[in-house]
There are 4 protein chains.
Amino acid sequence: MAAKRTGEKYDAIIEAAVKVIAENGYHNSQVSKIAREAGVADGTIYLYFKNKEDLLVSLFKVKMGEFTAGARHELKELQDSFAKLARLIYLHFNRLETDRYLALVLQIQLRQSETSIRQGIAGPLKLYFNIIEEVVSHGIESGAFKPDINRKLARQMIFGTMDEVATSWVMSSHNYKLTDQIEPVYYLLARALAQDGKVKSFSI
Amino acid sequence: MAAKRTGEKYDAIIEAAVKVIAENGYHNSQVSKIAREAGVADGTIYLYFKNKEDLLVSLFKVKMGEFTAGARHELKELQDSFAKLARLIYLHFNRLETDRYLALVLQIQLRQSETSIRQGIAGPLKLYFNIIEEVVSHGIESGAFKPDINRKLARQMIFGTMDEVATSWVMSSHNYKLTDQIEPVYYLLARALAQDGKVKSFSI
Amino acid sequence: MAAKRTGEKYDAIIEAAVKVIAENGYHNSQVSKIAREAGVADGTIYLYFKNKEDLLVSLFKVKMGEFTAGARHELKELQDSFAKLARLIYLHFNRLETDRYLALVLQIQLRQSETSIRQGIAGPLKLYFNIIEEVVSHGIESGAFKPDINRKLARQMIFGTMDEVATSWVMSSHNYKLTDQIEPVYYLLARALAQDGKVKSFSI
Amino acid sequence: MAAKRTGEKYDAIIEAAVKVIAENGYHNSQVSKIAREAGVADGTIYLYFKNKEDLLVSLFKVKMGEFTAGARHELKELQDSFAKLARLIYLHFNRLETDRYLALVLQIQLRQSETSIRQGIAGPLKLYFNIIEEVVSHGIESGAFKPDINRKLARQMIFGTMDEVATSWVMSSHNYKLTDQIEPVYYLLARALAQDGKVKSFSI
DNA sequence: CATGAATGAGACTTCATTCAT
DNA sequence: TATGAATGAAGTCTCATTCAT
């Protein structure tokens, strides 16, 4: 009755969903197609997920959760705010470039989902927003960033910029490297945030 | 057989679509509902639009076209690059705040559409991107912005930031004024682009 | 949106449902089968009925309504309570014998429906119960039936007996005439109800 | 392979089925729910019953069998036909009032089952019909009941009346006592059957 | 030009039953 | 004997689009 939230089949279904959605688009990814890709019966999906919506939200939670946990850990290691900003952009772009299926699903396909799914996605996304805002806060408190910057607005600029660059890259069919954009994006954002124009040189 | 691209019913259907989608969400906006709101029969929609996809793409084209034409005209009046940037942000946010139905449809609902519709949307959107890039180019060529800025990247930052700020505002149920964000967004973006940190004071 | 409750297709679908359910049984009567029998598309069913449940409840209402209206009218014509009782049994059995499909559906198949449908059926059935109780009341008040008879209980005996006899007949594959049971059933019930054993001779 | 027809788990499953069906309704009583209630695994059901249908038919057989055996025994003790009739009604109503779960399952839920199950039920029910007919026959042969009564018809009246009264009671949510109906039902039926209106006073 | 009744393809989900352990 | 994870067939309903009037 209650959905099992772990197990190798659970993982297999999540991965199959990413692949199927990436290849067929959100609106053409039937449960039966995902089941076939995962090598299980249609009904098995429902032993691990309450329904299709739960599967999609779980997909996002799992993938976003992995990324967020890793990012939070890596950023904590760094002391310098500019270094944190550079690393954030690196992690964001590198993650997407490393898993192009995931990039397609996160940047394009999942955004076509119904409002209810988007609401389920909101929670994990908020956690990522928090991480970005922590970078901004650290910069302000350490004197690296301008003190009068609105933290939420700064987060929106950072995320909005990275998201737009990533979406553009995904839609271009990946005919250039997303990671090549890390440095120029860094300088744009760093200058926007820096106290007195004192931007540290890019280094990850 | 060929769809009429004008007429008062054409306009009525477009406006009805905006209202219905804003009120019901993309996935709950059936052709019959739009027809009823427009005061026409279901079949009449198909005298003016090839199909539902054509209606939605047309909606976007019309609304975006109005905005783009006005924006291009207004920006041409201004000489200073910073003034152009400030005006761009003003126009973008003011447009959305003035027509909240449209804001909801453009920022949230239409993004849930199938890939084919998003492709149809790409054209009109490109025209807006061009306008933004023209502001950037003008800034670089006039010496106001840093010469080594990647113009496409700068456009992605500008659009990505405005878009994220606008989406966040729409999802917040409009409980604050979007136009209050014009000035702080201006300073963030201006600093990112300015040559030697020489940002002109905000003025629209 | 709202279901049309009249029209020749409405009637055709009701009749088709009776036939399909009689021939295939309740649990094997899919909407598509009913639509095919009615000569309409599956979707057309939903222009006339809110859903499958609504179709089945409507079927019962229409058929029971026709019968109830006719019965109430005919019984009003009669003055004598015993004559009313005899006529009631005649109408009940004759109706079922005349339309054997309907008999099968009402006596057997519809009773297999889910609780929600049975609840929808309760209303029209109550009207029939009222008619039976009116016959009993008339008998008591005219002095034909025993004055201390519990009216509800008498109705339950009358209906329960007729229902059981009818069900038994339907399940026997109609290898005898149900209308041959009118007279003997009349005498059983009349004796149960009569004041001082004064039962009038059977006559319809 | 062959199903075991005895054992404490056999009984536990039957009792669990009665409880689950009474509480959830026929169409919401899945095998897994019955298994959980019985404290066994889903698969274990199939060691004791051929399939779900077999379980439901067995439930009916067991419960009806217990009742029928007891009834036959008790009625044999009585010499007088009217006393037998009174006792029959008492046993029928008392059984249902004593076990309200069973009443709900027998009078309402099991009647929603597919035709195949109803056919399986027919056998055990026939045995009860025989007992009722024996009471009628005894009455006729002893001169207590009218000699020209159709025995099958009399049985249908007796059973149909008791069944209708019981169903009505179950559906009323038991807000009155079913056993209070024994005496008035007795008088109705006794008068219908009695020779020359000579009905014996009620006594159980 | 306009109508709106009719069409029919297509997908999510349930649940009785099996079988490897 | 007992388990319970896995199976997979099957049906209701929606809604974009058509076409006779």
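Chain letters run A, B, ... following the sequence lines, proteins first, then strands; residues in each count from 1.
For the pair C:Ile45 CD1 and F:dT14 C1', the computed distance is 14 Å after rounding to whole Å. When the C1' atom of F:dT7 is taken as reference, atom OH of A:Tyr48 falls 12 Å away, rounded to whole Å. Spacing between atom CZ of D:Arg36 and atom C1' of F:dT3 amounts to 15 Å, rounded to whole angstrom units. Going from atom OH of D:Tyr10 over to atom P of F:dA2 covers 15 Å, rounded to whole Å. Remark: P of F:dG8 and CG of A:Leu47 are 13 Å apart, rounded to the nearest angstrom. F:dA9 atom P lies 17 Å from atom CG of C:Asn28, rounded to whole Å.
Ion pairing of D:Asp54 with D:Lys61 is absent here, as no side-chain N (NZ or NE/NH1/NH2) approaches a carboxylate O to less than 4.0 Å. B:Glu15 has a carboxylate O that lies under 4.0 Å from a charged side-chain N of B:Lys63, or vice versa, which qualifies the two as a salt bridge.
Annotation: of the two residues near DNA chain F, D:Gly43 and C:Ser29, the 5′-most nearest-nucleotide partner is D:Gly43. Mapping D:Gln30 and A:Lys52 onto DNA chain E by nearest heavy atom places A:Lys52 closer to the 5' end of the strand. Along DNA chain E, the nucleotide nearest A:His27 and the nucleotide nearest C:Lys9 are compared for position; the residue whose nucleotide lies closer to the 5' end is C:Lys9. Along DNA chain F, the nucleotide nearest to D:Val40 and the one nearest to B:Asp42 differ in position, and the one closer to the 5' end is contacted by D:Val40.
If you check every strand for non-hydrogen atoms under 4.0 Å, A:Phe49 touches nothing. Residue-level contact check: A:Val31 touches the bases, meaning some heavy atom is under 4.0 Å from a base atom.
Partner of B:Val18 under the side-chain contact (heavy atoms from CB on, under 4.5 Å) criterion, chosen from B:Val105, B:Leu104, B:Ile34: B:Val105. Just one of D:Gln109, D:Glu23, D:Lys19 meets the side chain to side chain donor-acceptor pair (under 3.5 Å) condition when paired with D:Tyr101; it is D:Glu23.
At least one side-chain heavy atom of B:Gln112 sits under 4.5 Å from a side-chain heavy atom of A:Thr115.
With sequence neighbours excluded, the residues satisfying side chain to side chain contact (heavy atoms under 4.5 Å, CB included) with C:Arg100 are C:Glu97, C:Trp169, C:His174.
For DNA chain E, the outermost nucleotides in 5' to 3' order that have an atom under 4.0 Å from a heavy atom of chain D are E:dC15 to E:dT18.
A side-chain donor-acceptor contact under 3.5 Å links D:Arg111 to the backbone of D:Leu106.
Nearest approach of C:Ser29 to C:Lys52, heavy atoms of both residues: O-NZ, 2.9 Å.
Stem analysis of DNA chain E (at least three stacked-register Watson-Crick or G-U pairs, each with both distances under 3.5 Å) gives E:2-21 with F:2-21.
Aromatic ring pairs are classed by plane angle as parallel below 30°, tilted from 30° to 60° and perpendicular above 60°; the pair C:Tyr10 and C:Phe49 is parallel.
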